[in-house]
Participant: 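This is the structure I want to talk about, given as structure tokens.
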Amino acid sequence: MRGFYIGRYQPFHDGHRHMVEEIAGEVDELVLGIGSAGDSHTTRNPFTAGERVMMVTKAVEHLDVTTYVVPIEDLDRNSVWVSHVQSMTPRFDVAYSNNPLVVRLFEEAGVEVRGSPMFRRDVLEGTELRERMIHGHDWEELVPETVIDVIEEVDGVERIRRIAETDTNGEPPTDA
């Protein structure tokens, strides 16, 4: 059986790792979708699709299942989103998500959906990690070592700090 799990992975963190490991115990192969693949260089989406492919690929290479990491660009038409995902990925039998919209869209398309296990959601969330990077707080303890290596390779902490700077009178920067 082949499963599908999508995330933005901005960055890929230990919560994602934990979910992927749990899912890997239920499937023979796993398709990991890199959501919002076209977005980068913003405080919400600082890393490129290619950088996230590196993060995810390296973080899951120890798993005993075949994994496929596939970038998926956003599509602003929810009614055809599942067919868009299916056109970009290897065929899969079951999708994993806790996102109500994603669950609904897959169910409407006739795809079996299973909830994905949450792990330390209070701190393991992309927004928290990005805030820690911006403000110089410890973030490394919340991501796999391989992800730290990728973020250092692309100078990702400096990137997100520069993106978060403002040239206005206290107003937050707008995404380009």
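Source: prediction; values computed, not measured.
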Participant: Any non-hydrogen side-chain atom of V27 less than 4.5 Å from a side-chain atom of Y96?
Facilitator: yes
Participant: Which donor-acceptor pairs under 3.5 Å do the side chains of residues 150-158 make with protein atoms, sequence neighbours left out?
Facilitator:
none

Participant: Which atom names give the shortest non-hydrogen contact between A49 and A37, and what distance separates them?
Facilitator: CB-O, 3.3 Å
Participant: Going by the rule side chain to side chain donor-acceptor pair (under 3.5 Å), which residues pair with T127 if we only count those two or more places apart in sequence or in a different chain?
Facilitator: R130
Participant: Hey, can you tell me if H16 and Y9 have their rings parallel, tilted or perpendicular (30° and 60° cut-offs)?
Facilitator: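 It falls in the perpendicular class, over 60°.
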Participant: The criterion is side chain to side chain contact (heavy atoms under 4.5 Å, CB included); which residues satisfy it with S97, sequence neighbours excluded?
Facilitator: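 S97 satisfies side chain to side chain contact (heavy atoms under 4.5 Å, CB included) with N99, V102, V103 only.
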Participant: Between T43 and I163, what is the shortest heavy-atom contact and its length?
Facilitator: N-CG2, 3.5 Å
Participant: Does E26 have any salt bridge (charged side-chain N to carboxylate O under 4.0 Å, His left out) partners at least two apart in sequence or in another chain, and if so, which?
Facilitator: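 With sequence neighbours excluded, E26 shows a salt bridge (charged side-chain N to carboxylate O under 4.0 Å, His left out) to R114, given in chain and number order.
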Participant: Would F4 end up clustered with V113 when hydrophobic side chains under 4.5 Å apart are linked, directly or stepwise?
Facilitator: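 F4 clusters together with V113.
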Participant: Would you please name every residue forming a side chain to side chain donor-acceptor pair (under 3.5 Å) with D28, sequence neighbours left out?
Facilitator: none
Participant: Looking at every non-hydrogen atom in both residues, tell me the closest pair between I160 and P46 and how far apart they are.
Facilitator: CD1-CG, 3.8 Å
Participant: Give the cluster check for V111 versus I72: same hydrophobic cluster or not, with ILVMFWY residues linked at side-chain heavy-atom distances below 4.5 Å.
Facilitator: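 Linked, V111 and I72 end up in one cluster.
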Participant: Is the shortest side-chain heavy-atom distance between M55 and V143 below 4.5 Å?
Facilitator: no
Participant: Calculate, to the nearest 0.5 Å, the distance between atoms CG and OG1 belonging to L32 and T89 respectively.
Facilitator: 11.0 Å
Participant: Which residue pairs pass the ring-ring contact (aromatic ring centres under 6.0 Å, His included) test with at least one member in residues 70-91, sequence neighbours excluded?
Facilitator: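 Non-adjacent pairs meeting ring-ring contact (aromatic ring centres under 6.0 Å, His included): W81-F106.
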Participant: Are M19 and L101 connected, step by step, through hydrophobic side chains (Ile, Leu, Val, Met, Phe, Trp, Tyr) whose heavy atoms are closer than 4.5 Å?
Facilitator: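 In one cluster with M19: L101, no.
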Participant: Test of understanding: with side chain to side chain donor-acceptor pair (under 3.5 Å), list the residues that count as partners of R104, not counting sequence neighbours.
Facilitator: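 Expected list: E108.
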Participant: Mind jotting down which residue pairs meet the ring-ring contact (aromatic ring centres under 6.0 Å, His included) criterion with at least one end in residues 133-152? Sequence neighbours excluded, please.
Facilitator: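 Every pair satisfying ring-ring contact (aromatic ring centres under 6.0 Å, His included) with a residue in residues 133-152: there are none.
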Participant: Provide the closest heavy-atom pair for P90 versus V70 in the form atom of the first, atom of the second, distance.
Facilitator: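 What the structure gives for the nearest pair is CD-CG2, 4.1 Å.
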Participant: State the CD-CD distance between Q10 and E51, to the nearest 0.5 angstrom.
Facilitator: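 Here the interatomic distance stands at 8.5 Å.
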Participant: List the residues meeting side chain to side chain donor-acceptor pair (under 3.5 Å) with R77, not counting sequence neighbours, and say none if there are none.
Facilitator: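 None.
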Participant: Spell out, as yes or no, whether a donor-acceptor pair under 3.5 Å connects the side chain of R17 to the backbone of V60.
Facilitator: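 Answer holds: no.
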Participant: Please report the interatomic distance CG(L129) to CD1(I134), rounded to the nearest 0.5 Å.
Facilitator: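 Interatomic distance, L129 CG to I134 CD1, rounded to 0.5 Å: 11.0 Å.
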Participant: Give, for atom CE of M133 and atom CD of E140, the distance between the pair rounded to the nearest 0.5 Å.
Facilitator: 8.0 Å
Participant: Let me check something: do I34 and L30 share a hydrophobic cluster, defined by ILVMFWY side-chain heavy atoms less than 4.5 Å apart, either directly or through other members?
Facilitator: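 As far as the 4.5 Å side-chain criterion goes, L30 and I34 are connected within one cluster.
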Participant: Which residues pass the side chain to side chain contact (heavy atoms under 4.5 Å, CB included) test with D76, sequence neighbours left out?
Facilitator: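 If we apply the side chain to side chain contact (heavy atoms under 4.5 Å, CB included) test to D76, skipping adjacent residues, there are no hits.
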Participant: Got a second to check how far T48's OG1 is from D39's CG, nearest 0.5 Å?
Facilitator: 11.5 Å
Participant: Taking it one step at a time, do E128 and R132 satisfy salt bridge (charged side-chain N to carboxylate O under 4.0 Å, His left out)?
Facilitator: CA-CA 6 Å; E128 173 70 20; R132 287 181 180 210; 2.8 Å; yes
Participant: Under the rule for salt bridge (charged side-chain N to carboxylate O under 4.0 Å, His left out), what residues qualify as partners of D93, not counting sequence neighbours?
Facilitator: R91
Participant: For a 4.5 angstrom cut-off between non-hydrogen side-chain atoms, does F12 reach R52?
Facilitator: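 Sidechains of R52 and F12: no contact.
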Participant: With a 3.5 Å distance limit and no angle check, can you tell me whether R8 reaches the backbone of R44 through a side-chain donor-acceptor pair?
Facilitator: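 Here the side-chain-to-backbone pair exists.
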Participant: Return the minimal non-hydrogen interatomic distance between A24 and V65, and the atom names on each side.
Facilitator: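 Answer, listing the atom of A24 first, then V65: O-CG1, 3.5 Å.
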Participant: Among the clusters formed by ILVMFWY side chains lying less than 4.5 Å apart, do I148 and V20 turn up in the same one?
Facilitator: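 Yes.
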Participant: Output every pair passing side chain to side chain donor-acceptor pair (under 3.5 Å) with a member in residues 54-74, not counting sequence neighbours, ordered by first then second residue.
Facilitator: E21-H62, E29-Y68, S36-D74
Participant: Measuring from M1:CE to F92:CZ, what's the distance to the nearest 0.5 Å?
Facilitator: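 Between M1 CE and F92 CZ, I get 12.5 Å after rounding to 0.5 Å.
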Participant: Between V147 and P11, what is the shortest heavy-atom contact and its length?
Facilitator: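 Taking every non-hydrogen atom into account, CG1-CB, 4.3 Å.
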Participant: Going by side chain to side chain contact (heavy atoms under 4.5 Å, CB included), L105 matches just one of V80, V85, V82. Which one?
Facilitator: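 Checked V80, V85, V82 against L105; only one passes side chain to side chain contact (heavy atoms under 4.5 Å, CB included): V82.
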